[in-house]
Amino acid sequence: MVPLKRRKVNCSVTSDSSGDRTSKFPGVVIFLLERKMGASRRAFLTRLGRGKGFNIEYSLSRSITHIVSENNSGEEVRTWLDLQTGGQGREGGEGRTARPGSVHLLDIVWYTESMHAGIPVIILDRHRLQVGYSQKPGLELAVVSVPSYACQRHTPLLHHNTTLTDALSILAENAELGENEGRGVAFRRAAALLKSLPQEVRGAEQLRGLPCLGEHSLRVIKEVLEDGVSHEVETTTHSEQFKAMKALTGIFGVGAKTADRWFREGIHTPSDLQRSGHTLNRAQRAGLQYYDELNLPVTKPEAVAIGQIVERAVHAVLPGAEITLIGGFRRGKQTGHDVDFLITHPDEGREEGLMRKVVSWLEAQGFLLYQKTTGNSYLESKEGPARPASNMDRFERYSHPLPQTLVVVGDHAQKVSWVLGHSQCSGPRSWRAVRVDLVVSPYSQFAFALLGWTGSKLFERELRRWAVHEKAMTLSSHALYDRKRVRTLSQTHTHFKYCSGSFLYYQIRDKLITQVRVILKLNLYSLINKGAGEYNTHMK
């Protein structure tokens, strides 16, 4: 069968200033409100309007004359505007953003009729949004502006709305276990928005006008605020299917589809699976054997100790190589479900073949219980990087986070202790199994790999969405591609400014990035006594 060709998506909406575009109607400056419209539709309507000579701005400014919204009431738009101006607009004050009293608040009907006519049509009463504004006292949220993209917001690990975000995260996890990716992303975006707010949400009125909050998420939030719990969340957490899917996908090598099939066969726990007599692949056998240990959180001191093992292995086969702790620990988390490291060498090309040597060293030292090496499938064509099969990159496997590998079992606790610098081991089982991801990147792609593997998954998704819609660029963990200039940005002209304000200057070449997932045996007694210091996690 000949595979269907993937449709080429042309996303050319940028956030260039109005001075860079020719407008047929200089007195009309339009802002399309993304709330309830959606980013994709907004991008399409922006391209449509600009193509007809209209001046469409992608961010609020004092030059805006027309604000167009879809499926919003006048009160909702006014509330949203007040949040952007800090509430000053209601007294006619001039802020740095559009003044609510000086702009036309219009329904999408006016915009579509203007597009059909090719000129701004006369504003009639049916085009205007009617405002009957009222707000409960004491529920004002001190937010000046909340960007639509999660990558543009500060999202602290400790925040003010844990109860709400926990509820949404449970629903997101349930959707992901049911392979409903879109629904899961919607809940994740809503939770990320709540994490970024500077104070506790005490009423649903505080959230009016904020982006990324769909009707379902708002309904759950309102229920939690009013009743203390959400009936849907409570039903989900007590569901036999949800509990079974969590337990089964917690087995190394088991994905959502396999877990769902087993659940329908009456298998609800790892113990049920062990008694079922099912034929398992090597990865699943390893996952079942070390189930309890692999589902224990890995602490920061343990990650540091593992880093010392990896560093010794890498330097034994390639002196001068650089090892960076990535993933959640690099974002400041104190625990995680696995440990990730990015490896490179300043001399381009010397990293080739490194992974095979590192794996051989770890296996010879007795650290390896199980491993699989995955070669990079990243290829650059003249027309730019092909779209990956998933939202991530060629060497990232987020859709199957527990891949298949080879199991090598043995008792080498003394060797683990030796590498950690201790010999306080007792008994044949003084170590634990820990998941470790090693990623080897050429130095020219290191910055992009570091950004991509630091995470979180939602942050990376939003950053790439922002690059496409706002900069007309394609960002991956390998490269940055400019769709307008039809070229991959190299060291001499790469100045991609992402949301934190940092710049990336790295040349892009077609090199091999290799990933290996391993389970290391880690001596617990050595970790307790070691008291390891901070591992170097700064951006190289």
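Owing to the predicted nature of the structure, the values given are computational and were not obtained by experimental measurement.
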>> Can you tell whether the side chains of E293 and R432 come within less than 4.0 Å, N to carboxylate O?
In response: no
> For the residue pair L213 and A190, what are the closest heavy atoms and their distance?
Replying inline: CD2-CB, 3.7 Å
>> Looking at R350, is its backbone amide N or carbonyl O close enough to the side chain of E352 to form a donor-acceptor pair, meaning the two atoms are under 3.5 Å apart?
In response: no
> Under 3.5 Å, side chain of T165 to main-chain N/O of T162, donor-acceptor pair present?
Replying inline: yes
> What do the steps show when you test V254 against W262 for side chain to side chain contact (heavy atoms under 4.5 Å, CB included), and what is the final call?
Replying inline: CA-CA 10 Å; V254 178; W262 287 344; 3.7 Å; yes
>> One pair to check against salt bridge (Lys or Arg N to Asp or Glu O under 4.0 Å): E240 and K243. What are the steps and the verdict?
In response: CA-CA 5 Å; E240 280 299 319; K243 291 187 287 187; 3.5 Å; yes
> Who are the side chain to side chain donor-acceptor pair (under 3.5 Å) partners of H278, not counting sequence neighbours?
Replying inline: E265, S276
> Does the side chain of T474 come under 3.5 Å of the side chain of R483 through a donor N or O and an acceptor N or O?
Replying inline: yes
>> With side chain to side chain contact (heavy atoms under 4.5 Å, CB included) as the criterion, how do E351 and Y443 come out once you've worked through the C-alpha distance, each side chain's angles and the decisive distance to 0.1 Å?
In response: CA-CA 8 Å; E351 79 286 345; Y443 200 69; 5.9 Å; no
> Would you say the side-chain atoms of E348 and S444 include a donor-acceptor pair closer than 3.5 Å?
Replying inline: yes
> Are any non-hydrogen side-chain atoms of D338 and V436 less than 4.5 angstrom apart?
Replying inline: no
>> Please determine whether side chain to side chain contact (heavy atoms under 4.5 Å, CB included) holds for the pair F341 and V439, giving the CA-CA distance in whole Å, both sets of side-chain angles, and the decisive distance to 0.1 Å.
In response: CA-CA 6 Å; F341 296 95; V439 181; over 6 Å; no
> Side chain of R285, backbone of L280: donor and acceptor closer than 3.5 Å?
Replying inline: yes
> S217 side chain to G214 main-chain N or O, any donor-acceptor pair under 3.5 Å?
Replying inline: no
> Which atom names give the shortest non-hydrogen contact between S169 and A191, and what distance separates them?
Replying inline: OG-CB, 4.4 Å
>> Quick check for you: to the nearest 0.5 Å, what is the distance between E311 atom CD and T324 atom OG1?
In response: 10.0 Å
>> Between T249 (side chain only) and M245 (backbone N and O only), is there a donor and an acceptor less than 3.5 Å apart?
In response: yes
> How about Q152 and W466: do any of their side-chain heavy atoms sit closer than 4.5 Å?
Replying inline: yes
> Nearest heavy-atom pair of P319 and H345: which atoms, and what distance?
Replying inline: O-NE2, 3.1 Å
>> Is any side-chain heavy atom of C212 closer than 4.5 Å to one of R153?
In response: yes
> Among L171, I170, T237, which residue meets the side chain to side chain contact (heavy atoms under 4.5 Å, CB included) test with E232?
Replying inline: L171
> Which residue, Q274, H268, R275, forms the side chain to side chain donor-acceptor pair (under 3.5 Å) with D272?
Replying inline: R275
> Taking the side chain from R331 and the backbone from T454, do they hold a donor-acceptor pair closer than 3.5 Å?
Replying inline: yes
>> Distance alone, cut at 3.5 Å: any donor-acceptor contact between the side chains of R41 and T46?
In response: no
> Is Q308 close to R312 at the side-chain level, that is, under 4.5 Å between some pair of heavy atoms?
Replying inline: no
>> Working to the nearest 0.5 angstrom, can you tell me the gap between E173 CD and L168 CG?
In response: 13.0 Å
>> So L248 and D260, do their side chains get closer than 4.5 Å, heavy atoms only?
In response: no
> With respect to Y149, which candidate in R461, E462, E470 satisfies the side chain to side chain donor-acceptor pair (under 3.5 Å) definition?
Replying inline: E470
>> Run the side chain to side chain donor-acceptor pair (under 3.5 Å) test against N161 and tell me which residues pass, sequence neighbours left out.
In response: none
> Taking C-beta and beyond as the side chain, do V339 and D437 meet within less than 4.5 Å on heavy atoms?
Replying inline: no
>> If we ignore hydrogens and angles and just use 3.5 Å, is the side chain of R435 paired with the main-chain N or O of L294 as donor and acceptor?
In response: no
>> Counting only heavy atoms from other residues, nucleotides and ligands, does the tally under 6.0 Å from CG of L157 exceed 12?
In response: yes
>> Quick check: closest heavy atoms across A313 and W361, and the distance to 0.1 Å?
In response: CB-CE3, 3.2 Å
> So which heavy atom on P297 is nearest to which on T335, and how close?
Replying inline: CB-CB, 4.1 Å
> Which distance, rounded to the nearest 0.5 Å, do you find between the CG of D482 and the CG of L475?
Replying inline: 12.0 Å
> Are T299 and Q334 side-chain neighbours, meaning at least one heavy-atom pair lies under 4.5 Å?
Replying inline: no
>> Between L342 and S441, is there a side-chain heavy-atom distance shorter than 4.5 Å?
In response: yes
> Charged N to carboxylate O under 4.0 angstrom, R188 versus E181?
Replying inline: no
> Should the pair H216 and F187 be assigned to parallel (<30°), tilted (30 to 60°) or perpendicular (>60°) ring geometry?
Replying inline: perpendicular
> To the nearest 0.5 Å, how far apart are CG in N174 and OG in S239?
Replying inline: 7.0 Å
> Side chain of D340, backbone of L438: donor and acceptor closer than 3.5 Å?
Replying inline: no
> Taking atom CZ of R464 and atom CZ of F459, what is their separation to the nearest 0.5 Å?
Replying inline: 10.0 Å
> With distance as the sole test, does Y291 use its side chain to make a donor-acceptor pair with the main-chain N or O of A247 at under 3.5 Å?
Replying inline: yes
> Can I323 and T344 be said to form a side chain to side chain contact (heavy atoms under 4.5 Å, CB included), step by step?
Replying inline: CA-CA 7 Å; I323 301 97; T344 190; over 6 Å; no
>> So which atom in A150 and which in T155 form the shortest heavy-atom distance, rounded to 0.1 Å?
In response: O-OG1, 4.4 Å
> Is H160 reaching over with its side chain to a backbone N or O of P198, donor-acceptor style, under 3.5 angstrom?
Replying inline: yes
> OG1/T279 to CD/Q284 distance, rounded to the nearest 0.5 angstrom?
Replying inline: 10.0 Å
